[in-house]
Amino acid sequence: MPDSLEFFSEYIMGGTEVLTGFCFFTRLLHTKVRPSFYALFTVCVIAAIHFVQAGTIAEFGVFALLLTASGVFACHADWKSSVLYAALVIEMMQLSFGIVKSLMSMLYPLLSAYNQNIIGIVFMVAGEMVSLLLCGLCCYMVWRCFSYYEAIKKQYVFLVLIPVLMMFVMEEYINSAIYGLVVSDSSGVWVYANHYQMFVMQFLGIASLFCILFAYKKLLQNFSLSAELALLEQEEHSLSQYVEEAKAHYDKTKSFRHDVKNHIAVIKKLLQSGKLEQALDYIGDMEGMSDELSFPCATNHPVVDILAGQKLGIAKSMGIDVSCSLLLPYPSGLRDIDICIILSNALDNALHACKAMEGSADKYIHVAGRIQGDFLFIEIENSFQGEGLRKKGTGLSNIKAVTEKYHGAMNIKTQGTVFMLHVLLIIPQPCLGSN
């Protein structure tokens, strides 16, 4: 090959492949970098590959390593996603170039009557363009159909990474076994290479890659459905308890309302008899009864008022000091059931912690929260035994699941005998139909 063609093939076309692969990589990561970094990355990869000169696998290894490093440090992505998408981009490029290479090798002998130098250059440039287009199409399909599922379940990345790496190694082995031991004639055509077989194998390889991604997507969907089912079962259990508590509260309220006329008649009789002190005592007893039936928490949210009122009312009846300064948006993009899951689980945990403090008079549960822009902050603080952080059970797991649903965060902090749960939610806009 002339020096000019060798320079064109190694640096111009090689640089184009590297640049295109990096563009696909950043696209899959849903990130953007400065235009100057694209050129810097391309130069670094070409220089590193030229310095290594140890075969195709080593070159791909250098490319993958630099892609992963750029994903972590330049694109600020996690290392699992960077490794996975680097492997996917390289594998799709390898398969795309392999398919086109086999196709060109099948067509090349049909044009043996023409000028071989011109035909070789045309095939080289056309093969490069078609390969990049095919690779671009594959990356676009991955970006549209599969990247979201990887982003939400990064702990399962290796379920798809290991098969992709295995496909890469196997393909390199097959390439070396078929193309590495053949000879070419004077025109440069491989004599004993079965290009039809290689074309079918490369095509099946790229089809297998998408089958793996599709199975990975379905598996993650099943994981999500299982988690949602467990969450719904917990919701049903919590709501059943809440309904029973609400019925008991309603019966007490109904009984009090039924006796109001009798109480008024007694007070009226005491006043008419001049027994002012006894009337005041009687009114004080009625006031205590009404306090037991009142809601200790006014949140601007009718559903939460009832729920928090029930939970805090139970705590108050147990001698636990309670306070509530929670203000919630209503209506909002937050589903009522999701807010109830957070508060019911948090307050149940707080009640359980206070119950375990036998013989202690300093039992309390404080509920606070505020709205700041599109963010809702909720804080539940309560006393507990102070023997270390309790094991994260279903309740806290359900709270975490709701916070992740609204792209928020949950934080647990302990200090002495104080347990604090902080929840941050991003309030969706009503037009999104989240409520």
Side-chain angles (χ1 to χ4, degrees), residues 26-33 75-78 81 143-144 147-155 220-221 223-225 227-228 230-232 234-235 238-239 242 295-309 311-312 323-350 365-382 392 394-413 419-435:
T26 56
R27 186 68 171 173
L28 291 176
L29 285 177
H30 299 273
T31 57
K32 294 181 179 180
V33 295
C75 301
H76 306 290
D78 63 284
S81 297
W143 175 75
R144 285 295 302 270
S147 60
Y148 170 74
Y149 292 92
E150 190 279 326
I152 62 175
K153 294 290 183 181
K154 296 184 177 65
Q155 62 267 38
L220 295 185
Q221 287 177 338
F223 287 154
S224 298
L225 290 175
E228 290 178 5
L231 185 61
L232 288 174
Q234 176 65 18
E235 290 176 13
S238 300
L239 290 177
Y242 164 70
F295 296 122
C297 191
T299 66
N300 188 47
H301 196 294
V303 177
V304 176
D305 284 348
I306 298 174
L307 174 63
K311 299 294 183 182
L312 296 180
S323 66
C324 181
S325 58
L326 175 62
L327 181 63
L328 296 174
Y330 186 82
S332 71
L334 300 172
R335 294 180 62 214
D336 295 343
I337 188 65
D338 292 331
I339 300 177
C340 289
I341 289 172
I342 293 175
L343 290 176
S344 63
N345 284 289
L347 293 176
D348 284 341
N349 289 341
I365 299 175
H366 296 164
V367 181
R370 67 185 186 278
I371 307 168
Q372 186 172 344
D374 293 332
F375 298 93
L376 172 62
F377 300 91
I378 300 176
E379 177 183 282
I380 293 91
E381 179 182 327
N382 61 273
K392 185 178 292 187
T394 305
L396 293 177
S397 298
N398 289 339
I399 295 174
K400 184 178 180 181
V402 174
T403 58
E404 290 177 349
K405 175 180 178 181
Y406 292 98
H407 308 288
M410 181 188 77
N411 181 49
I412 297 173
K413 183 179 179 182
F419 181 91
M420 289 174 285
L421 171 66
H422 298 117
V423 175
L424 168 66
L425 302 178
I426 300 178
I427 305 174
Q429 297 298 323
C431 61
L432 297 179
S434 300
N435 196 16

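Sequence positions, counted from 1, serve as the residue numbers for this chain.
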Examine distances only and state if a side-chain atom of Ser344 and a backbone atom of Cys340 form a donor-acceptor pair shorter than 3.5 Å.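 Looks like yes, one N/O pair under 3.5 Å.
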Donor-acceptor contact below 3.5 Å, side chain Asp338 vs main chain Leu334: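 Judged by distance alone, no pair lies under 3.5 Å.
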Reported [atom1]-to-[atom2] distance for the pair [X] and [Y], which is rounded to 0.5 angstrom:
{"X": "Thr403", "Y": "Ile399", "atom1": "OG1", "atom2": "CD1", "value": "8.5 Å"}
{"X": "Gln372", "Y": "Ile427", "atom1": "CD", "atom2": "CD1", "value": "11.0 Å"}
{"X": "Ile342", "Y": "Ile380", "atom1": "CD1", "atom2": "CD1", "value": "8.0 Å"}

What residues, two or more places apart in sequence or in another chain, satisfy side-chain contact (heavy atoms from CB on, under 4.5 Å) together with [X]?
{"X": "Phe375", "result": "Phe377, Leu424, Ile426"}
{"X": "Thr31", "result": "Thr26, Leu29, Cys75"}
{"X": "Leu327", "result": "Asn300"}

Of all heavy-atom pairs between [X] and [Y], which one has the smallest distance, and what is that distance?
{"X": "Leu376", "Y": "Leu328", "answer": "CD2-CD2, 3.7 Å"}
{"X": "Met420", "Y": "Glu381", "answer": "CG-CG, 3.7 Å"}
{"X": "Cys324", "Y": "Leu312", "answer": "CB-CD1, 3.9 Å"}
{"X": "Tyr406", "Y": "Gly333", "answer": "CE2-O, 4.0 Å"}
{"X": "Trp143", "Y": "His30", "answer": "NE1-CE1, 3.0 Å"}

[X] versus [Y]: any side-chain heavy-atom pair under 4.5 Å?
{"X": "Asn349", "Y": "Leu396", "result": "yes"}
{"X": "Lys405", "Y": "Arg335", "result": "yes"}
{"X": "Leu347", "Y": "Val367", "result": "yes"}
{"X": "Asn411", "Y": "Leu421", "result": "no"}
{"X": "Lys311", "Y": "Asp348", "result": "yes"}
{"X": "Ile412", "Y": "Phe419", "result": "yes"}

Test of understanding: with side chain to side chain donor-acceptor pair (under 3.5 Å), list the residues that count as partners of His422, not counting sequence neighbours.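 Checked His422 against side chain to side chain donor-acceptor pair (under 3.5 Å); matches are Glu379.
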Starting from the C-alpha separation in whole Å, work towards a yes-or-no answer on side chain to side chain contact (heavy atoms under 4.5 Å, CB included) for Val402 and Ile339. CA-CA 8 Å; Val402 174; Ile339 300 177; over 6 Å; no
Name the one of Val423, Thr299, Leu326 that satisfies side chain to side chain contact (heavy atoms under 4.5 Å, CB included) with Leu343?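 Output: one option passes, namely Leu326.
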